Protein chains: 2
Amino acid sequence: MTRVLVVDDEPSIVRALRINLTARKYEVSTASDGASGLAAVARDRPDVMILDLGLPDMDGTEVIRGVRGWSSTPIIVLSVWGQESQKVAALDAGADDYVTKPFGMDELLARLRAAVRRAAPAPDEPVVTTGHFTVDLAAKRVARNGGDGNVGLTPTEWQLLEVLVRNRGRLVTQRQLLQEVWGPAYETESNYLRVYMAQLRRKLEPEPSRPRYLLTEPGMGYRFEA
Amino acid sequence: MTRVLVVDDEPSIVRALRINLTARKYEVSTASDGASGLAAVARDRPDVMILDLGLPDMDGTEVIRGVRGWSSTPIIVLSVWGQESQKVAALDAGADDYVTKPFGMDELLARLRAAVRRAAPAPDEPVVTTGHFTVDLAAKRVARNGGDGNVGLTPTEWQLLEVLVRNRGRLVTQRQLLQEVWGPAYETESNYLRVYMAQLRRKLEPEPSRPRYLLTEPGMGYRFEA
DNA sequence: CCTGGCCGTTAAGGTTTCATCAAGATCATC
DNA sequence: GATGATCTTGATGAAACCTTAACGGCCAGG
């Protein structure tokens with residue numbers, strides 16, 4: 001039975017969610033502010049968390065960071081319409097998805113299912129092959145196809161490549177990359193990214209100046225394409 | 001059976017709607033002012049609401065806001081011709097679509113079907129496909145069908161497209177778009193919209209000068225149709 | 001018929017962001 | 001303490017982007 005934690009300070013929403021989720025065989029626990037929400041995550045270990053951004057005691061992104069410090073429980077964020085920057089901040093902080101209030105129950109349930117499914121035992125393919133090289137995530141090895149021997153990557157280069165390959169096909173924001181590789185304090189040092197992306201491209205791309213696998217999306221981030 | 005709530009103070013219109021809707025197997029309930037309309041929404045939980053803006057007791061946008069506080073039931077607004085600003089205000093408040101009086105029954109029924117269909121089970125994955133291209137909200141990727149490679153969108157273009165796609169099938173006012181993409185301070189810079197809509201159409205539409213998916217609603221806003 | 005408002009389109013300017021290079025700082029190892 | 005690899009930092013030219021203004025088409029109202 002899937003456990004859901006609802007953190008919202010509006011009783012009507014909490015009630016509606018409790019009724020609908022219970023009817024669909026979810027196990028529901030609730031909290032009405034950020035502090036007790038964090039406590040509830042630690043206590044109940046929910047499989048997924050629904051979090052309202054407009055809590056009375058603390059900022060929603062603070063709650064997300066508090067959870068993400070030690071848990072990867074999927075988080076679906078509820079936000080009122082028009083607070084675009086808030087939503088972006090929440091996603092950057094580690095939220096998995098968002099729904100704007102007012103929401104349709106069907107939509108929320110769909111996103112809930114999707115979030116739980118994504119979190120399920122990741123059938124991670126540990127080896128990714130492109131037309132020119134092969135990345136083995138488990139063995140931490142990169143080898144050029146046809147050519148022998150493996151490509152030597154420095155620790156930082158490897159971490160960067162790993163994040164990109166794990167999100168292959170998807171765009172990864174600069175902030176996310178910096179946060180995962182260098183830590184939260186380096187969110188703005190986009191210079192590092194450029195230097196290391198250049199090094200990766202020099203070592204992996206057939207034409208480093210015309211990237212084919214490690215793509216730049218100007219203003220947004222990078223994408224690994226296999 | 002689909003439940004429709006009609007809120008209008010003109011008996012002739014209520015009667016005409018009741019007859020036509022009942023004949024087409026809708027279950028109809030009615031109310032003649034805003035207050036009882038709100039009560040009826042809470043009591044009957046209609047699948048869709050048809051709301052006249054010219055009610056005796058309260059402003060139409062007030063009714064919409066009252067509903068939107070806790071429900072996302074689709075709302076189709078009826079307004080007399082010429083009250084453009086009223087319609088925009090209603091859409092901004094959260095209405096889904098509008099029909100100007102006098103209206104053709106066929107048109108109203110079409111919009112009714114569209115609104116109900118839209119509210120039905122939302123797709124699990126945030127991937128929207130049209131006849132000519134596919135939008136993946138999670139991966140931030142747009143690909144032309146058949147053609148390979150993805151279409152390169154700038155950050156602003158992407159944000160604009162995202163708002164439209166998330167509200168697919170439904171009219172989004174200029175103000176809403178400007179606020180979500182550029183921020184509350186740019187509510188009147190409708191020039192930006194024209195420039196970026198043109199760019200999106202050039203990149204996505206098969207015939208940019210004859211839009212098929214990114215539609216203009218003159219005086220109101222834009223609509224993404226899949 | 002003319003006028004004004006709204007929309008679509010285009011192009012140029014200024015600004016931000018990106019790629020590349022190279023030199024200093026840091027770290028691990030011996 | 002010396003050495004080599006790795007990581008930071010700064011500078012520069014190039015590319016992409018955002019903004020802004022101008023022009024023309026279309027439609028409605030006078």
Side-chain angles (χ1 to χ4, degrees), chain A residues 84 140 142 150-161 164 171-178 180-183 185-223, chain B residues 81-85 87-88 91 100 140 150-161 164 171-175 177-178 180-183 185-223:
Chain A
E84 185 66 18
K140 293 206 188 308
V142 182
N150 68 334
V151 182
L153 294 186
T154 73
T156 307
E157 286 166 6
W158 176 258
Q159 282 189 57
L160 182 58
L161 181 64
L164 287 168
L171 186 145
V172 188
T173 64
Q174 321 187 43
R175 197 182 249 163
Q176 189 180 338
L177 287 169
L178 288 163
E180 296 220 24
V181 177
W182 281 271
Y186 293 76
E187 271 181 3
T188 61
E189 300 286 346
S190 51
N191 238 338
Y192 292 8
L193 281 183
R194 296 196 201 96
V195 173
Y196 277 89
M197 285 301 298
Q199 283 171 0
L200 278 179
R201 296 209 251 238
R202 188 144 24 88
K203 292 184 178 181
L204 299 178
E205 290 277 0
E207 279 180 283
S209 59
R210 198 82 69 68
R212 200 171 144 183
Y213 305 108
L214 300 163
L215 308 177
T216 302
E217 300 270 349
M220 302 203 279
Y222 294 87
R223 181 201 310 272
Chain B
W81 186 87
Q83 306 276 6
E84 303 299 299
S85 59
K87 283 187 290 196
V88 175
L91 292 168
T100 50
K140 289 215 189 311
N150 68 330
V151 183
L153 295 186
T154 73
T156 307
E157 287 165 6
W158 181 260
Q159 282 188 57
L160 183 57
L161 181 65
L164 287 168
L171 175 50
V172 187
T173 63
Q174 308 192 10
R175 195 202 241 126
L177 289 168
L178 288 164
E180 288 250 8
V181 177
W182 282 272
Y186 293 76
E187 271 180 4
T188 60
E189 299 286 346
S190 51
N191 230 344
Y192 293 6
L193 281 184
R194 292 195 206 94
V195 172
Y196 278 91
M197 284 301 298
Q199 283 172 359
L200 279 180
R201 296 209 251 238
R202 186 146 30 84
K203 291 185 178 181
L204 299 178
E205 290 278 359
E207 281 180 282
S209 58
R210 196 90 54 68
R212 201 170 145 183
Y213 306 108
L214 299 164
L215 308 176
T216 302
E217 299 270 348
M220 303 276 120
Y222 295 87
R223 179 200 304 266

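All values below were derived from every heavy atom in this structure, side-chain atoms included, with hydrogens, water molecules and symmetry-related copies excluded. Naming convention: chains lettered A, B, ... in sequence-line order (proteins, then strands); numbering from 1 in each chain. Only a predicted model underlies this, so the values are computations on that prediction, with no experimental measurement involved.
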Student: Do Arg223(A) side-chain atoms and Tyr213(A) backbone N/O form a donor-acceptor pair below 3.5 Å?
Tutor: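 Not a single qualifying donor-acceptor pair exists.
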Student: What nucleotide, of dC18(D), dA22(D), dT8(D), holds the atom closest to the side chain of Tyr196(B)?
Tutor: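 Per side-chain heavy atoms of Tyr196(B), the pick is dC18(D).
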Student: Counting side-chain heavy atoms from C-beta on, which of dC18(C), dT20(C), dT20(D) comes nearest to Tyr222(A)?
Tutor: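 Closest of the options to the side chain of Tyr222(A): dC18(C).
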Student: Please check this pair: side chain of Glu217(A) against backbone of Gly152(B), looking for a donor-acceptor N/O pair closer than 3.5 Å.
Tutor: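 Side chain of Glu217(A) to backbone of Gly152(B): no pair is present.
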Student: Select one nucleotide: of dT9(C), dC7(C), dG10(D), the one nearest the side-chain heavy atoms of Thr216(B).
Tutor: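 Per side-chain heavy atoms of Thr216(B), the pick is dC7(C).
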Student: Measuring from the side chain of Tyr192(A) (C-beta onward, heavy atoms only), which nucleotide among dA16(D), dT9(D), dT6(D) has the closest atom?
Tutor: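 Nearest nucleotide to the side chain: dT9(D).
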Student: For a quick check of understanding: with a heavy-atom distance under 4.0 Å over all strands, which category does Thr156(B) fall into, base, sugar-phosphate or nothing?
Tutor: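 Sugar-phosphate: the residue Thr156(B), judged by heavy atoms under 4.0 Å, touches backbone atoms but no base.
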Student: Ser190(A) near the nucleic acid: base, sugar-phosphate alone, or nothing, with a heavy-atom cut-off under 4.0 Å?
Tutor: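 Since no nucleic acid heavy atom lies under 4.0 Å of Ser190(A), the category is nothing.
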Student: Name the closest nucleotide to the Arg194(B) side chain, picking from dC6(C), dC18(D), dT8(D).
Tutor: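 Comparing dC6(C), dC18(D), dT8(D) against the side chain of Arg194(B), the answer is dC6(C).
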Student: Does a nitrogen or oxygen in the side chain of Gln174(A) sit under 4.0 Å from OP1 or OP2 of dC18(C)?
Tutor: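 Yes.
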Student: Within this structure, what is the CE-to-P distance between Met197(A) and dC18(C), rounded to whole angstrom?
Tutor: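 To the nearest whole Å, that distance equals 11 Å.
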Student: Nearest to the Val195(B) side chain among dT8(D), dT6(D), dT19(D), which nucleotide is it?
Tutor: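 So the side chain of Val195(B) is nearest to dT19(D).
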Student: Are OP1 or OP2 of dC18(D) and a side-chain N or O of Trp182(B) less than 4.0 angstrom apart?
Tutor: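 For dC18(D), neither OP1 nor OP2 has a side-chain N or O of Trp182(B) closer than 4.0 Å.
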Student: Can you check whether Arg212(B) reaches Glu205(B) side chain to side chain, under 4.5 Å on heavy atoms?
Tutor: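 They are in contact (side-chain heavy atoms under 4.5 Å apart), so the answer is yes.
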